[in-house]
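See structure below.
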Amino acid sequence: MIRITVIRKNRYFDSVFLMQVARRIAGQPGVNDASALLATDANKKVLTELGYGQGGQDADFAAAGPNDLVLALEGEEAAIRTVAADPEAWLRRSTAASAATEAPRDPRSIREAVEARPDSNVAVISVPGEYAAREARAALDQGLNVFLFSSNVSVEDELSLKRAARDRGLVVMGPDCGTAFLCGAGIGFANAVRRGPIGIVGSSGTGMQEFSCLVHAAGSGISHAIGTGSRDLSDAIGGISTLTAIDALETDPGTSVIAILSKPPGESATRKLMQRLARCDKPVVLCLFGAAAMPAETGNLLTASVIDDAVEMALQKTGLGGSVMPRPSREALRAQAAAEVARMRPAQRHVRGLFAGGTFCYQSQAIFRRAGLVVYSNSPIHGMKELADPRASLESSFVDMGAEIFVEGRPHPMIDASLRRKRLAEEGQDPSVALVLLDFILGAISSRDPVGDLVPAIHAVRESARRRGDHVTVVGSVCGTDADAQGLEAQMGALADAGVLVFPSNAQAAAFCREAALLLAARKEVR
Amino acid sequence: MAEPLKDLLRGKPVFVNVGVREFGDTLHAAGYEVVHVDWSPPAGGNAEMAALLDDLL
């Protein structure tokens with residue numbers, strides 16, 4: 001068996017395409033493992049930990065930088081040498097993958113694209129962060145609204161882009177914008193939801209997804225969902241995109257209720273937002289995850305801190321009703337949790353949450369905090385402890401696996417489960433773990449089988465616990481709809497088959513874990 | 001003042017996709033018009049050089 005790296009200098013491919021290349025190579029007989037990544041420092045570190053780039057023969061690997069492509073290959077020598085002899089053969093796109101265009105040659109710039117389609121009105125930008133502001137500026141110059149998926153854009157660039165957009169009646173959705181839903185078109189990590197009377201403005205991508213899916217499940221729908229980027233309601237940015245989006249939804253005849261989903265805004269941004277909402281003609285539901293204090297409600301403004309509550313309020317305000325999902329009482333959750341905790345050994349004390357969705361990491365902390373429970377997190381809300389090394393859990397930890405440290409130069413965990421799978425296996429080795437909390441996010445861009453990607457690791461966690469004489473409870477929720485390609489029911493069924501306790505929302509799954517954590521803490525005190 | 005965002009919400013989006021190809025392909029498969037930009041890092045991946053060129057052009 002050999003393990004080698006092949007470097008292609010100055011070759012850019014998007015990270016999703018590279019993941020597909022790696023999967024095709026890994027499917028070859030005799031190949032045990034294959035990665036295709038841009039040689040960022042973070043990716044080189046991961047590959048080095050996997051044993052690549054060791055020894056003197058890999059000087060090219062050591063010298064490779066973020067504009068270079070690295071193929072990391074492990075397997076039988078003959079098979080690996082065959083792949084390495086002609087790497088370009090693996091880097092050609094199939095013609096089917098180019099279905100988005102019929103032109104003989106794709107335009108090379110946004111300006112050329114707009115010349116080809118003068119009626120273009122939205123740019124979807126997902127280039128590496130260091131180039132993202134440049135492309136967004138080019139899009140605004142061409143009169144396009146901007147959906148900016150890229151992260152790692154400076155606050156200064158964000159502010160200047162958003163000011164330029166505001167001057168032109170345009171919106172910048174992002175940076176770090178996971179999803180939007182415009183006139184029925186789901187952009188980025190969007191789910192297949194029906195159209196309806198509720199408009200969304202949101203700084204949190206997975207929050208918008210979960211909200212949309214729960215609205216859909218209740219029989220209602222979404223008019224538009226306008227993402228703003230995670231920092232929009234910071235005082236530095238002042239909510240420029242949020243305010244633009246509220247203006248647009250207020251005049252949109254298809255929107256009768258506006259839901260705003262965000263982390264707690266900055267102080268001056270809150271003032272601006274509340275002033276604007278005070279003169280909004282339409283009912284507003286303001287959902288602030290992890291907020292310590294809520295703005296006062298008025299006749300036209302309702303507030304929530306949990307997505308499920310916000311969904312219920314928005315449905316009420318549409319006046320159309322809708323069957324909201326059943327929500328178990330706290331007593332029922334506690335009884336269910338007690339049955340699990342009774343099977344755990346005294347050394348099992350901790351909850352580990354591994355989230356693909358950043359909002360779920362945030363919301364779960366808020367649900368724990370309200371019960372006086374403290375956890376570590378790489379994305380801590382007020383009152384929680386900072387996880388200094390996001391790669392290693394401490395006590396009870398909630399980890400946002402979509403944080404920049406985990407996604408630099410590689411696809412998001414909603415698309416590529418490999419880092420979360422590896423992390424889950426690691427958590428399974430820790431005898432202090434009592435519960436594992438997971439989220440699964442469906443949608444057109446997400447993995448074809450988010451649950452299937454993790455099922456082997458879930459089995460491994462439960463099996464290694466069983467060998468120690470422990471009982472680890474795995475808890476999960478699936479964000480998606482019956483119309484998503486992966487199928488909500490099928491994914492929930494596969495989770496249940498793997499022995500996971502499945503809840504219809506992240507808030508419910510986190511509330512279950514909260515009850516179990518309270519019981520575990522009480523048990524410790526009694527001893 | 002021009003109101004291109006409000007016009008967009010009343011009309012039909014036409015997309016320009018720059019970066020991850022799947023984003024454009026997914027919209028195209030759902031029946032939307034998409035122009036894909038064949039993007040690569042400007043100035044051979046030198047962001048500083050790209051910014052200088054932008055200033056010149």
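Labels below follow one simple rule: chain letters A, B, ... track the order of the sequence lines, proteins then strands, and each chain is numbered from 1. These values consider heavy atoms only, across backbone and side chains, with no hydrogens, waters or symmetry-generated copies. Owing to the predicted nature of the structure, the values given are computational and were not obtained by experimental measurement.
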Checked Ala116(A), Gly143(A), Ala165(A), Cys183(A) vs chain B; the most non-hydrogen pairs under 4.5 Å come from Cys183(A)

Can a donor-acceptor pair be found, under 3.5 Å and without considering hydrogens, that links the side chain of Glu112(A) to the backbone of Arg108(A)? yes

Option in Ala185(A), Ser150(A), Ala444(A) with maximal non-hydrogen atom pairs under 4.5 Å from chain B: Ala185(A)

Which answer fits Gln20(A), side chain, backbone, both or neither, if we ask what part of it has an atom under 4.5 Å from a heavy atom of chain B? side chain

As a quick check of understanding, evaluate ring-ring contact (aromatic ring centres under 6.0 Å, His included) for Phe15(B) and Phe147(A), giving each step before the final call. CA-CA 10 Å; Phe15(B) 296 98; Phe147(A) 175 87; 8.9 Å; no

Considering only heavy atoms, which portion of Phe13(A) lies under 4.5 Å from any heavy atom of chain B: side chain, backbone, both, or neither? neither

Is it the case that the side chain of Ser223(A) and the backbone of Pro197(A) share a donor-acceptor pair, with hydrogens and angles ignored and the cut-off at 3.5 Å? no

Could you look at Thr244(A) and say if it's the side chain, the backbone, both or neither that has a heavy atom under 4.5 Å from chain B? both

Any donor and acceptor pair, going by atom type alone, linking the side chain of Gln209(A) with main-chain N or O of Ile441(A) inside 3.5 Å? no

So, the part of Ser120(A) with a heavy atom under 4.5 Å from chain B: the answer is both

For Ile415(A), is it the side chain, the backbone, both, or neither that has a heavy atom closer than 4.5 Å to a heavy atom of chain B? neither

Under the criterion salt bridge (charged side-chain N to carboxylate O under 4.0 Å, His left out), which of Arg137(A), Lys162(A), Arg163(A) is the partner of Asp157(A)? Arg137(A)

Asp119(A) portion near chain B, given a 4.5 angstrom heavy-atom threshold: both

For each of Gly65(A), Gly184(A), Gly188(A), tally heavy-atom pairs with chain B at distances under 4.5 Å, and name the one with the top tally. Gly184(A)

Between CD1 of Ile125(A) and OH of Tyr131(A), what distance do you get to the nearest 0.5 Å? 15.0 Å

Run through Arg168(A), Arg134(A), Arg111(A) and flag the one making a salt bridge (charged side-chain N to carboxylate O under 4.0 Å, His left out) with Asp141(A). Arg168(A)

Check each atom of Leu27(B) against the heavy atoms of chain A and say whether the ones under 4.5 Å are side chain, backbone, both or neither. side chain

Between chain A and each of Leu5(B), Val14(B), Asp38(B), Asn17(B), count heavy-atom pairs under 4.5 Å; write down the option with the most. Val14(B)

The interface call for Leu144(A) against chain B, heavy-atom contacts under 4.5 Å, is side chain

If only atom types and distance count, is the side chain of Lys9(A) paired as donor or acceptor with the main-chain N or O of Asn67(A) below 3.5 Å? no

Under 3.5 Å, side chain of Thr179(A) to main-chain N/O of Phe189(A), donor-acceptor pair present? yes

Heavy-atom contact with chain A under 4.5 Å, split by part of Tyr32(B): side chain

